[in-house]
Colleague: 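A single structure is presented below for examination.
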Amino acid sequence: HVFQPDLILLKKRPSCRGILKVSTEPVDVKIIYIVRCIQCDSSFEMNTKLTNNPARGEEQFPRDRFHESRNLDILRAAAVLFVYIGHLISFFSANKSGFFALLARAGVLIFFVHTSLVLMLSMERMHVGGLTLFRNFTIRRAFRIYPLSICSVLCVIAFRIPFMPLETYQWPGWARVLSNLLLIQNVTGVKSVLGPLWSLPWEVQMYLVLPLLFLAWRHRPWKTLIAVWSGTCAVVCIGALLGSRVTHVLIYFPCFLGG
């Protein structure tokens with residue numbers, strides 16, 4: 001049987017005031033998980049008891065195995081600050097490729113690692129595999145990224161927005177517009193119509209690879225994963241030195257693989 005949670009019911013004692021976290025007296029809460037098999041539709045109940053004792057200043061809740069750590073929030077916040085501060089200072093600086101430009105790029109690389117890790121956790125919570133996992137994951141990610149990116153490209157054309165601030169708008173041409181709409185600029189070798197769009201092609205292409213990596217490597221020992229990641233870094237570095245076009249497409253693959 002392959003079981004997944006179908007419904008969660010909370011039954012509280014009549015003495016409970018408000019929600020559990022702000023109760024003014026000890027409260028026992030009984031959680032009933034109605035778990036249903038996704039193959040034969042059979043079901044059963046699992047009971048979990050939670051205890052909240054404000055007198056002791058303790059709250060006892062079951063932690064989800066895949067609950068996102070607060071460290072991920074800290075990592076996300078650090079990446080946002082790196083990108084914001086790096087772009088802000090670089091904009092007013094004469095040196096556009098100095099330390100703060102590298103700081104902004106480092107923030108993007110952190111985002112790549114963070115995105116991969118969070119999406120892996122998301123796929124773990126889906127409790128499906130094979131073609132179903134690939135289909136559900138790619139459809140959800142496509143609807144997450146394409147509508148807003150397409151709207152951005154169309155706004156650039158409609159309102160004649162330049163690639164970067166203080167630059168003059170130039171018609172990009174239909175080939176470049178189509179590449180930006182499909183988010184394949186790194187494959188076709190054309191420039192993004194708007195500066196912040198440069199990283200999205202790598203995101204989209206990694207969405208196609210992550211489900212395969214998840215299915216193939218989630219049960220592998222960590223030493224094997226480290227070896228694969230190290231080998232990928234070496235291949236990308238050698239390809240970059242040789243100027244390979246394929247390596248340009250895979251250049252950020254070690255970041256996603258790290259996640």
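For reference, positions follow the sequence shown, starting with 1. Computed over heavy atoms, backbone and side chain alike; hydrogens, waters and symmetry mates excluded.
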Colleague: Treating S122 as the side-chain partner and V118 as the backbone partner, does any N or O pair qualify as donor plus acceptor under 3.5 Å?
Modeller: no
Colleague: Measuring from atom CE of M120 to atom CZ of F256, what distance do you get when rounded to the nearest 0.5 angstrom?
Modeller: 11.0 Å
Colleague: Using the side chain to side chain donor-acceptor pair (under 3.5 Å) criterion, which residues pair with T188? Sequence neighbours excluded.
Modeller: S179
Colleague: Would you name the heavy atoms of Y146 and L182 that are closest together and state the gap between them?
Modeller: OH-O, 2.8 Å
Colleague: Other than I226, what residues sit in its cluster of Ile, Leu, Val, Met, Phe, Trp and Tyr side chains whose heavy atoms are under 4.5 Å apart, directly or through others?
Modeller: W222
Colleague: Same hydrophobic cluster for L178 and V204, using side-chain heavy-atom links shorter than 4.5 Å among ILVMFWY?
Modeller: no
Colleague: Which distance, rounded to the nearest 0.5 Å, do you find between the CG of L72 and the CG of L121?
Modeller: 7.0 Å
Colleague: Check the pair R70 / D73 against salt bridge (Lys or Arg N to Asp or Glu O under 4.0 Å), numbers first and verdict last.
Modeller: CA-CA 5 Å; R70 290 183 179 179; D73 294 332; over 6 Å; no
Colleague: For C237, check side chain to side chain contact (heavy atoms under 4.5 Å, CB included) against everything at least two apart and list the hits.
Modeller: none
Colleague: Taking the side chain as everything from C-beta on, heavy atoms only, tell me whether M206 gets closer than 4.5 Å to S116.
Modeller: no
Colleague: Of the non-hydrogen atoms in R125 and H127, which two are nearest, and what is the gap between them?
Modeller: O-CD2, 2.9 Å
Colleague: Taking all atoms of both residues into account, what is the closest heavy-atom pair of A79 and I110, and its distance?
Modeller: CB-CG2, 3.8 Å
Colleague: Closest heavy-atom contact between S199 and V108?
Modeller: CB-CG1, 4.4 Å
Colleague: Hey, could you give me the CZ/CG distance between R220 and L213, rounded to the nearest 0.5 Å?
Modeller: 12.0 Å
Colleague: Are the side chains of N71 and I74 in contact, using a 4.5 Å heavy-atom criterion?
Modeller: yes
Colleague: What are the two closest non-hydrogen atoms of L215 and G129, and how far apart are they?
Modeller: CD2-CA, 4.2 Å
Colleague: When hydrophobic residues are tied together by side-chain contacts of less than 4.5 Å, even through go-betweens, does W198 share a cluster with V177?
Modeller: yes
Colleague: Remaining members of F163's ILVMFWY cluster at a side-chain heavy-atom cut-off under 4.5 Å?
Modeller: M164
Colleague: Got a sec, which residues hit side chain to side chain contact (heavy atoms under 4.5 Å, CB included) with V156, two or more places apart in sequence or on another chain?
Modeller: I161, Y169, V193, L194
Colleague: If I take atom CG from residue L200 and atom CD1 from residue I184, how far apart are they, to the nearest 0.5 angstrom?
Modeller: 13.5 Å
Colleague: Taking the hydrophobic residues Ile, Leu, Val, Met, Phe, Trp and Tyr, and joining any pair whose side-chain heavy atoms are under 4.5 Å apart, which ones share a cluster with F143?
Modeller: I139
Colleague: Where do V235 and F253 land on the side-chain contact (heavy atoms from CB on, under 4.5 Å) test, with the steps shown first?
Modeller: CA-CA 11 Å; V235 170; F253 188 81; over 6 Å; no
Colleague: Which atoms form the tightest heavy-atom contact between P211 and L133, and what is the distance?
Modeller: O-CD2, 4.5 Å
Colleague: Please tabulate, for the side chains in residues 81-94, all donor-acceptor contacts under 3.5 angstrom to protein atoms that are two or more places apart in sequence or on a different chain.
Modeller:
{"unit_1": "H87", "atom_1": "ND1", "unit_2": "V83", "atom_2": "O", "d": "3.4"}
{"unit_1": "S90", "atom_1": "OG", "unit_2": "G86", "atom_2": "O", "d": "2.7"}
{"unit_1": "S90", "atom_1": "OG", "unit_2": "A101", "atom_2": "N", "d": "3.2"}
{"unit_1": "S93", "atom_1": "OG", "unit_2": "N95", "atom_2": "N", "d": "3.2"}

Colleague: Check whether any side-chain heavy atom of W217 sits under 4.5 Å from a side-chain heavy atom of T224, and report yes or no.
Modeller: yes
Colleague: In terms of hydrophobic clusters joined by side-chain contacts under 4.5 Å, are V128 and L208 together?
Modeller: no
Colleague: Hey, what do you get for CG (L197) to NZ (K191), rounding to the nearest 0.5 Å?
Modeller: 12.5 Å
Colleague: Is the backbone of F112 close enough, under 3.5 Å, to the side chain of T115 for a donor and an acceptor to pair up by distance?
Modeller: no
Colleague: Tell me whether L119 shares a hydrophobic cluster with F134, the cluster being built from Ile, Leu, Val, Met, Phe, Trp, Tyr side chains joined at under 4.5 Å.
Modeller: no
Colleague: Does W174 have any ring-ring contact (aromatic ring centres under 6.0 Å, His included) partners at least two apart in sequence or in another chain, and if so, which?
Modeller: W171
Colleague: Under the rule for ring-ring contact (aromatic ring centres under 6.0 Å, His included), what residues qualify as partners of F100, not counting sequence neighbours?
Modeller: none
Colleague: Please name all residues satisfying side chain to side chain donor-acceptor pair (under 3.5 Å) with Y207, sequence neighbours left out, ordered by chain then number.
Modeller: R141, E203
Colleague: Please identify each residue that fulfils side chain to side chain donor-acceptor pair (under 3.5 Å) with Q185, with sequence neighbours left out.
Modeller: N180, S192
Colleague: The criterion is side chain to side chain donor-acceptor pair (under 3.5 Å); which residues satisfy it with R105, sequence neighbours excluded?
Modeller: Y252
Colleague: To the nearest 0.5 Å, tell me how far N136 CG sits from M126 CE.
Modeller: 4.5 Å
Colleague: Would I251 and L210 show up in the same hydrophobic cluster when neighbours are defined by side-chain heavy atoms closer than 4.5 Å?
Modeller: yes
Colleague: Just checking E167: does its CD atom have more than 12 heavy atoms from other residues, nucleotides or ligands closer to it than 6.0 angstrom?
Modeller: yes
